[in-house]
Amino acid sequence: MRKRIIGLAAATTVLAATLMGGAANAYTLDTAAGAGFVGKGEVQQVMGWNNKTLQENASNVVFTYESTDDYSAVCTFVTGEGTRGEKTHNVAHTTETAVIASVNGDPRQTKGQNQFTGFNLAGFGDVTEAGVIPVVGEPCPGNEGHDGLWTAVTLVSSTGGLYANGHLLTVTPVVAPAPVVAG
């Protein structure tokens, strides 16, 4: 019985190490401020790089945060015949924001290996936007002479993610192992 419990505990420890090892690749990002950390494994995974290639190219890794907001917007207008009309438009608004990053060194290295553990994210930089978010009460585009106005604007969905050199980084979930029950 004791061997079975020890074996189960050892298997759980290996499983936990495997799961937590995957979590070491996860990134953190405060999407309001742009601060956080990206582990080197996360970049290696999406770029298909081994450690040597990443170490050689770390200074060339560029991070961006990209988001897309999709809106449903209703334009209300009066036709040339004086009839009231409405048309619903799907409007996308995309934002690409540069993320300021620096290589995070590993101070435990004492033999000059010059390896690093990942990238410190220090905040947001330049922003590029595409698309115009409709505003209730403002004119609808393309309805000249019909006095069309946006009468309802609803955010339908919002997606976003952190990218390294144009490759989407994935968040690795941390899964806690089940507790070992002796018995």
Side-chain angles (χ1 to χ4, degrees), residues 16-75 88-109 113-142 150-177:
T18 302
L19 291 172
M20 298 307 277
N25 292 343
Y27 72 84
T28 59
L29 176 67
D30 176 348
T31 57
F37 179 79
V38 177
K40 70 177 186 172
E42 187 72 22
V43 174
Q44 285 176 271
Q45 180 181 354
V46 299
M47 299 297 289
W49 290 346
N50 61 23
N51 188 54
K52 181 180 185 294
T53 304
L54 178 63
Q55 298 293 329
E56 293 170 352
N57 292 290
S59 62
N60 297 321
V61 176
V62 175
F63 292 96
T64 56
Y65 183 78
E66 299 177 21
S67 64
T68 300
D69 295 330
D70 293 309
Y71 296 88
S72 175
V74 177
C75 180
T88 301
H89 299 266
N90 296 319
V91 179
H93 180 261
T94 59
T95 304
E96 181 179 296
T97 307
V99 179
I100 300 163
S102 62
V103 174
N104 181 36
D106 187 345
R108 297 171 294 174
Q109 297 176 13
Q113 300 98 319
N114 212 16
Q115 300 283 308
F116 67 94
T117 58
F119 301 85
N120 292 320
L121 307 179
F124 289 129
D126 294 334
V127 177
T128 304
E129 296 184 67
V132 177
I133 301 171
V135 176
V136 172
E138 290 192 3
C140 308
W150 295 116
T151 53
V153 177
T154 305
L155 177 62
V156 176
S157 67
S158 186
T159 58
L162 184 64
Y163 290 75
N165 290 4
H167 297 275
L168 178 63
L169 302 178
T170 56
V171 177
T172 306
V174 177
V175 180

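No experiment lies behind these values; they were computed from the predicted model shown.
V135 is not listed as a side-chain neighbour of V153, based on a closest heavy-atom distance of 4.5 Å or more. Contact check for L169 versus V38: side-chain heavy atoms found under the 4.5 Å cut-off. Between Q55 and K40, some side-chain heavy-atom pair lies under the 4.5 Å cut-off. Taking the side chain as every heavy atom from C-beta outward, W150 and H89 approach each other to under 4.5 Å. For the pair T94 and E96, the minimum side-chain heavy-atom distance is 4.5 Å or more. Looking at L121 and L162, their side chains come closer than 4.5 Å, going by heavy atoms from C-beta outward. Side-chain contact between L54 and F116 is present, with heavy atoms from C-beta onward closer than 4.5 Å. In this structure, Y71 and T154 have side chains that are not in contact, with every pair of non-hydrogen atoms separated by 4.5 Å or more.
At distances below 3.5 Å, not a single donor-acceptor pair connects side-chain atoms of S72 with backbone N or O atoms of N90.
Residue F63 is tested with F119, Y27, Y163 for a side chain to side chain contact (heavy atoms under 4.5 Å, CB included); the sole match is F119. With respect to N165, the side chain to side chain contact (heavy atoms under 4.5 Å, CB included) criterion is satisfied by exactly one of V62, V46, N57: V62.
The aromatic rings of Y65 and F124 lie tilted to each other, with the angle between the two planes from 30° to 60°.
Atom CG of D69 sits about 5.5 Å away from atom CG of L155, to the nearest 0.5 Å. Between the OG1 atom of T64 and the CG atom of D126 there is a distance of 12.0 Å, given to the nearest 0.5 Å.
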Evaluation steps, side chain to side chain contact (heavy atoms under 4.5 Å, CB included), between D70 and V91: CA-CA 6 Å; D70 293 309; V91 179; over 6 Å; no
message: Please evaluate residues N51 and Q44 with respect to the criterion side chain to side chain contact (heavy atoms under 4.5 Å, CB included), reporting the C-alpha separation (whole Å), side-chain torsions for both, the decisive distance (0.1 Å), and the verdict.
response: CA-CA 7 Å; N51 188 54; Q44 285 176 271; 3.8 Å; yes
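Heavy atoms only, all atoms of each residue included: A164 and V61 are closest at CB-CG1, 4.1 Å. Smallest separation of non-hydrogen atoms from E129 and T95: CG-OG1, 4.0 Å.
Around the CG atom of N60, the shell of radius 6.0 Å holds more than 12 heavy atoms that belong to other residues, nucleotides or ligands.
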